[in-house]
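Start at 1 and go down the list; that is how both ligands and their atoms are numbered. The model shown is predicted, which means the values in this text are computed figures rather than measured ones.
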Amino acid sequence: MAKVLIAGGAGFIGSHTCLVLLEAGHQLVVFDNFSTGSPESLRRVQELTGTAGSDRLRVVEGDIRRPLDLSKAFATGWGRFDAVIHFAGLKAVAQSVHEPLLYWDVNVGGSQHLLAAMAEHGCHTLVFSSSATVYGLPERIPIPETAAVLPINPYGHTKAAVERMLADLAASDGRQAPEGGEPRSGGWRIARLRYFNPVGAHSSGRIGEDPQGPPDNLFPYVSQVALGRRPRLQVFGGDWPTPDGTGIRDYIHVMDLAEGHLATLEALWNEPPQLLTLNLGSGRGYSVLEVVRAFERASDRMVPFDLVARRAGDAAHSVADSSEALRRLGWWARRDLSQMCADGWAWQQRHPQGYRSAG
Ligand code: NAD
Ligand code: UD1
């Protein structure tokens, strides 16, 4: 049993990862400022895992930009943490274009403070949420981890900057003794996980994605149209160089992604200190129209749509070469598109207004 600090654990991917880690027997402290995440998601994670009242999941409200808040989190464990998983951050591309300083402050400045707190408290194992967005407009499909990191928006720049910070930290190798001093413990074990398009929900329909306001991303938008909460989907571009003219993406079930975090932790703990960089995707691409049809089948509802102009900054294709994760972790995405739609629909139907819905 390990002790893990989950920064941003109340959000979409974080809550599903907490569930998987609790089921694997670990003890967790979630550190979150609840800016986009919800304490209700954690209450439900405890209920689903039968850990309510067991003290296996503690919650500390705070901001990764505030060293005092971080000190509180590091003092809340059961002694030294065995790892940190860092989900905390902002992820809306369009907002990042309008408020780049906010994104650099939270995503880059916040990460720097979190890393400093880890070093101070003797925790040198980190899993970081990066994104396929670091590849920008990819040169070839599927995209291997060795592809150029050339982001095309401020959000992507902040993810690439943290990736760079982590590479510098890994290269600094804390095992060297400072001049005249004792050798420091350490030897960083760091994973930079580049997620493709996480979607779906836990099969119970009790936890899921809860965007504030109109969703930016395809899946939550489609599910809100199926529900009747929004009248029609706008399909951004029907003239891409793809078989049906709509954009192709690599959708990955959030539970597969969560299990990928557990597999990553186990690899970091069992192997010598390293910097691991992995794509987490399914390796399969689906077009917007294929997603719409799959969602219609899963929900037995219509998803009316209009073909409109391309969205600025979109690429035609984004599909992971996911062979490295299989080789390094023995992990692959097992759940298919119909399950992503069925589980996403179960969550959406039971929670038309997300966590604000009753029940
Ligand atoms: P989310 O918004 O649901 O979760 C982020 C969590 O971080 C929330 O609980 C939020 O309250 C918390 N948070 C934000 N700022 C904070 C701060 N300053 N201090 C403390 N907590 C803070 O998003 P998600 O989809 O779960 O994404 C998690 C991570 O994965 C993010 O770093 C995101 O950039 C990355 N990512 C997400 C996707 C995706 O499509 N969902 C794709 C690639 C990468
Ligand atoms: C977007 C972000 C990416 C981020 C990811 C997080 C942009 C340009 N990219 O990726 O940086 O890491 O979200 O999940 O915002 N689509 C529609 N109608 C919609 C919404 C989307 O047709 O209302 C299309 C898009 O053009 C795209 C596909 O659906 O072809 C998927 O879009 P989306 O879910 O926003 O994901 P990405 O664009 O891959």
Side-chain angles (χ1 to χ4, degrees), residues 6-17 30-39 41-42 60-66 69-70 73 85-97 102-103 105-107 109-111 113-114 128-137 151-156 158-159 162 193-199 208-212 214-222 224-225 230 232-238 240 242 246-252 254 257-258 280-281 286-289 291-292 305-308 310-318:
I6 317 274
F12 172 44
I13 305 169
S15 56
H16 290 79
T17 303
V30 168
F31 179 75
D32 202 297
N33 70 354
F34 302 118
S35 56
T36 57
S38 157
S41 70
L42 298 173
V60 175
E61 186 168 355
D63 194 304
I64 50 167
R65 291 168 293 179
R66 291 208 206 103
D69 290 359
L70 285 165
I85 306 184
H86 176 21
F87 296 104
L90 300 175
K91 63 169 184 177
V93 173
Q95 185 192 18
S96 80
V97 174
L102 175 67
Y103 274 66
D105 186 31
V106 175
N107 291 0
S111 296
H113 285 301
L114 178 59
F128 171 63
S129 300
S130 187
S131 167
T133 200
V134 299
Y135 297 120
L137 302 173
I152 55 167
N153 55 58
Y155 166 65
T158 64
K159 287 291 174 190
V162 177
L193 300 183
R194 296 173 177 163
Y195 313 152
F196 278 66
N197 291 58
V199 299
E209 187 171 14
D210 186 15
Q212 321 288 310
D216 297 313
N217 299 118
L218 179 66
F219 238 84
Y221 209 103
V222 166
Q224 291 189 10
V225 172
R230 300 189 187 276
R232 300 176 78 78
L233 170 73
Q234 294 195 317
V235 174
F236 299 139
W240 293 100
T242 61
T246 65
I248 289 182
R249 294 291 181 276
D250 181 333
Y251 298 95
I252 173 170
V254 66
L257 192 57
L280 293 187
Y286 290 98
S287 74
V288 175
L289 296 185
V291 169
V292 167
F305 64 85
D306 299 306
L307 278 177
V308 302
R310 293 180 180 187
R311 178 172 68 179
D314 267 353
H317 286 92
S318 168

Under the side-chain hydrogen bond (donor to acceptor under 3.5 Å, both in side chains) test, which residues partner Gln95, sequence neighbours left out? Glu99, Tyr103
Using the side-chain contact (heavy atoms from CB on, under 4.5 Å) rule, pick out the option among Val235, Leu218, Thr246, Ile248 that qualifies with Val291. Leu218
Checking a contact table here: which protein heavy atom is nearest atom 3 (O) of ligand 1, and how many Å away? Phe12 N, 2.8 Å
Using heavy atoms and a 4.0 Å limit, tell me yes or no: is Ser35 in contact with ligand 1? yes
Among Leu42, Asn33, Leu102, Val30, which residue places a heavy atom closest to atom 22 (C) of ligand 1? Asn33
Roughly how far, to the nearest 0.5 Å, is the OH atom of Tyr251 from the CG atom of Asn217? 8.5 Å
Atom 28 (C) of ligand 1 [closest protein heavy-atom partner, distance rounded to 0.1 Å]: Phe87 O, 3.5 Å
State the atoms of ligand 1, each with its element, that fall below the 4.0 Å cut-off from a heavy-atom position in Gly37. 8 (C), 9 (O), 10 (C), 11 (O)
Distance under 4.0 Å to a non-hydrogen atom of Gly62: what atoms of ligand 1 satisfy this? 19 (N), 20 (C)
Whether Asp63 side chain and Asn33 backbone form a donor-acceptor pair below 3.5 Å: no
Any nitrogen or oxygen of Gly11, main chain or side chain, under 3.5 Å from a nitrogen or oxygen of ligand 1? yes
Roughly how far, to the nearest 0.5 Å, is the CZ atom of Arg194 from the CZ atom of Phe128? 10.5 Å
Among all residues two or more places apart in sequence or in another chain, which pass the side-chain hydrogen bond (donor to acceptor under 3.5 Å, both in side chains) test with Asp32? none
How long is the straight-line distance from CZ of Arg65 back to CG of Asp105, given to the nearest 0.5 Å? 5.0 Å
Spatial distance of atom OH (Tyr195) from atom CD1 (Ile13) [nearest 0.5 Å]: 5.0 Å
With Ser318 via side-chain hydrogen bond (donor to acceptor under 3.5 Å, both in side chains) - residues at least two apart: none
Who's the nearest protein heavy-atom neighbour of atom 10 (C) of ligand 1, and how far? Thr36 OG1, 3.1 Å
Say you draw a straight line from CZ of Arg310 to CH2 of Trp240; how long is it, rounded to the nearest 0.5 Å? 4.5 Å
The protein heavy atom nearest to atom 41 (N) of ligand 1 is Lys91 NZ, 3.4 Å
For atom 19 (N) of ligand 1, the protein heavy atom that lies nearest, with its residue and separation: Ile64 N, 3.0 Å
Heavy atoms only: give me the nearest Ser111-Val162 pair and the separation to one decimal. OG-CG2, 3.8 Å
Provide the number and element of each atom of ligand 1 under 4.0 Å from a heavy atom of Val106. 15 (N), 18 (N)
So which heavy atom in the protein is nearest atom 18 (N) of ligand 1, and how far is it from that ligand atom? Asp63 OD1, 3.0 Å
Contact partition for Lys159 relative to ligand 1, non-hydrogen atoms under 4.0 Å: side chain
Ligand 2: which residues have a non-hydrogen atom closer than 4.0 Å? Val93, Ser131, Thr133, Tyr155, Asn197, Asp216, Asn217, Leu218, Leu233, Gln234, Val235, Phe236, Gly247, Arg249, Tyr251, Val288, Arg311, Gly313, Asp314
In terms of residue, atom name and distance, what is the protein heavy atom nearest to atom 40 (O) of ligand 1? Pro198 CD, 3.2 Å
To the nearest 0.1 Å, how far is atom 11 (O) of ligand 1 from its closest protein heavy atom, and which atom is that? Asp32 OD1, 2.6 Å
Check: Leu90 and Tyr155 side chains under 4.5 Å, non-hydrogen atoms: no
Please could you name the atoms of ligand 1 that Ser131 approaches to less than 4.0 Å, counting only its heavy atoms? 43 (C), 44 (C)
Gap separating the NE2 atom of His86 from the CG atom of Asn107, nearest 0.5 angstrom: 7.5 Å
Counting only heavy atoms, tell me which of Gly156, Ser130, Ser129 gets closest to atom 44 (C) of ligand 1. Ser130
Taking the side chain from Thr133 and the backbone from Gly156, do they hold a donor-acceptor pair closer than 3.5 Å? no
N/O separation below 3.5 Å, Ile13 to ligand 1: yes
Nearest non-hydrogen contact to atom 33 (C) of ligand 1 from the set Phe34, Tyr155, Phe196 belongs to Tyr155
Please report the closest heavy-atom contact between Thr17 and Phe87, naming both atoms and the distance. OG1-CZ, 3.4 Å
